Amino acid sequence: MHGSGLQLALVFLLAAVIAVPLFKRFGLGAVLGYLAAGVVLGPDGVGVVAHAEPVLAASEIGVVMMLFVIGLELSLARLKLMRRPVFLTGGLQVAISGVVLAALAAMIGLGWKVALVVGLGLALSSTAFGLQLLAERKALHSPHGRLAFAILLFQDLAAVPLIAAIPLLAHAAAPESGHAGWALLKAVAALAAVFFGGRYLLRSLFRTAVRIGVPEMQTASALLAVLGAAWVVQLAGLSMGLGAFLAGVLLAESEFRHEIESQIEPFKGLLLGLFFMAVGMSIDLAQVAAEPGFVLLATLLLMAVKFAVLFGLGRHPGGLGMREALRLGGVLALGGEFAFVVFAEAAGAGLLEAAMHNRLLAVVGLSMALTPLLMIALARLLDGHDDTEAPARDYDPIHDHGHPQVIIAGLGRFGQIVARLLVAQKIPFVALDADPGTIDALRRSGNQVYFGDPTRPELLRASGAAHARLFINAIDDREANLRTTHLLRHLYPHLRVFARAHDRRHAWQLMDLQVEAFRETFASALEMGREVLVALEVPREIAEDRTRRFREHDERLLASHHRIYNDESALLQALREGRAELEHLFEADQAQQPAPADPEPDADGRDGAGVG
């Protein structure tokens, strides 16, 4: 395009605001919309951009910012817990996929050096595409999303030695003894600089920016942190995204985490969209049209091999269920942006001929374009089937604990607090949870816990439920929580059960089963409410008295409404009466401190007379 940068920016923005809503409207996702916009604007489309390489290089900052934001959501402790999926599952994925793809490349006549570079380059998946597709589907924190992130993190690490080895394979660096050692030394120095800067310098920088009180200085500091870490690591030949990710991890536990994320988020979104458009511009449609059979077959083989390897590793050692393993294969079956770098280095070193280089770039680009469609197909296929499946690994055997006093089912954020209190009192217990990730994390912290489904009668018997004094049902899933309680009441009618309740209606359902229900947010909300009154200059003793009286009032209403909660009209009337009673609860105190109005009651028990 022959015009100003402003005109080019306007064209990019116009293409994005037309293509993305259109593709989202038809359920195809934002990534495919950006890709299509890039194809249209690129050299094989209307030719707005004649050369995609400069746009692609500039837009990689979006990927860098995305990895920085992801790092902000982690911490060094959590990253340490991820070492097994990162290095074991991620390492196996790169090794197995690379060897299989290299063997296929050798079958079409490539030499072993070229085939090895091609195989390992194609084994790397796109970090930007994979994480964006997971984010679109709100699956970043799902089991397959966490494993996908771990694999992508290892791939970012693996790309570095692969790129460094290309000159050695081409004999370009043979005379230079110590070339690999010098590269390693630079990498270690760069990572040390990022660690020191993120741990000490950046925090001081943000404190200064906040103290100055100029908003744009906070934005400038956040951008400096991202781009500075990326630049330092790039100088050593490492991935820019890796440097930004590490900087984010080091700032994850700082008091500025949320402020930094809010400053980076707008830049990240726009630049990431530009990156996807640049990839679309890079797809060589002329090459696809010249050799459609070869490019399509190679793309399908690439995606089939990686899908199969990822599915197998997702099942074991990844520990995913069938559906989650299928989703993992779908989101990472594509080629990656590192392939562009690897193949460009190989072509520059004389390993790859120009024709094969162009074919491979077309294959990688086409795999990126097909992946969103594959994800849509998988989603429709899996959503049409029952979610119930066998566990991804065998349940743990429960050993004889000499009839423990307490059994805890569910070790999420709620159950762990109860368990820690019991540990402090040296009270023995058996803990069960059906999430293998939770179990593995807690075992690394020294807890004696077991992987198992508490809704299975044989597991309850093995855990000693027949002799326990107390069963704590802290399961997060409402339906599983109720199923477990039903089973306990059927098998062990005299066992005392404390059950976690999500809200009033869930508490009423548990009370139907003659168990003691504890609303998960009620106590903490009361504590906050008490402190709010104190902050509003109500004397602490008065605030504590009002909190106690409100609790007694709400628990009395909970018990009285339990008898009628299945009668919607009667419940609504009772909730209105409860609200009127609440308005007069502190009537004698109104002259001292007026109370704010309460929301209208709901028939489902979510707050009118107090939720929790």
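Not measured: the values here are computed from a predicted model.
- Under the 4.5 Å side-chain criterion, counting only non-hydrogen atoms from C-beta, Pro85 is not in contact with Arg146.
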Met356 vs Phe343, side-chain contact (heavy atoms from CB on, under 4.5 Å): CA-CA, chis, key distance, verdict: CA-CA 10 Å; Met356 181 57 68; Phe343 298 150; over 6 Å; no

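- Looking at heavy atoms from C-beta onward, Leu326 lies in side-chain contact with Phe307 at the 4.5 angstrom threshold.
- A side-chain donor-acceptor contact under 3.5 Å links Arg137 to the backbone of Leu133.
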Let's go through Leu191 and Phe196 carefully: what are the C-alpha distance in whole Å and the side-chain angles of both, what is the deciding distance for side-chain contact (heavy atoms from CB on, under 4.5 Å) to 0.1 Å, and is it a yes or a no? CA-CA 9 Å; Leu191 294 177; Phe196 177 79; over 6 Å; no

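- Applying the side-chain hydrogen bond (donor to acceptor under 3.5 Å, both in side chains) criterion to Asn358, with sequence neighbours excluded, gives no partner residue.
- Looking at Arg315, its side chain does come within 3.5 Å of a backbone N or O of Leu320 through a donor-acceptor pair.
- Between Leu131 and Val331 the shortest side-chain heavy-atom distance does not fall below 4.5 Å.
- The distance from atom CZ of Arg327 to atom CG of Leu374, rounded to the nearest 0.5 Å, is 12.5 Å.
- Rounded to the nearest 0.5 Å, atoms OG1 (Thr371) and CD (Gln132) are 13.5 Å apart.
- Interatomic distance, OG1 of Thr89 versus CG of Leu310, reported as 10.5 Å (0.5 Å rounding).
- Closest heavy-atom contact between Leu382 and Arg323: O-NH1, 2.7 Å.
- Side chain of Ser367 to main chain of Val364: a donor-acceptor pair is present (N/O by atom type, distance under 3.5 Å, no hydrogens or angles).
- Annotation: side-chain hydrogen bond (donor to acceptor under 3.5 Å, both in side chains) contacts involving residues 10-23, sequence neighbours excluded, are absent.
- Among pairs with a residue in residues 294-311, those fulfilling side-chain hydrogen bond (donor to acceptor under 3.5 Å, both in side chains) read Ser125-Lys306, at least two apart in sequence or across chains.
- Atoms OG and CE, from Ser126 and Met368 in turn, are 4.0 Å apart once rounded to the nearest 0.5 Å.
- Here the CG atom belonging to Leu88 is positioned 10.0 Å from the CZ atom belonging to Phe154, to the nearest 0.5 angstrom.
- Listed by first and then second residue, the salt bridge (charged side-chain N to carboxylate O under 4.0 Å, His left out) pairs that reach into residues 223-237 come to none, sequence neighbours excluded.
- Residue Val118 is tested with Leu120, Val114, Leu116 for a side-chain contact (heavy atoms from CB on, under 4.5 Å); the sole match is Val114.
- Contact of the Val55 side chain with the Met277 side chain is not registered, since no non-hydrogen atoms from C-beta on lie closer than 4.5 Å.
- A heavy-atom distance below 4.5 Å is not found between the side chains of Leu334 and Leu370.
- Note: Leu101 CG to Leu301 CG = 8.5 Å, rounded to the nearest 0.5 Å.
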Could you list the donor-acceptor pairs under 3.5 angstrom formed by side chains in residues 240-247, with sequence neighbours left out?
none

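- The stretch residues 355-365 participates, sequence neighbours left out, in these salt bridge (charged side-chain N to carboxylate O under 4.0 Å, His left out) pairs: Glu291-Arg359.
- With contacts defined as side-chain heavy-atom distances shorter than 4.5 Å, the pair Tyr34/Leu274 does not qualify.
- Between the Gln155 side chain and the Leu124 main chain, no donor and acceptor come within less than 3.5 Å of each other.
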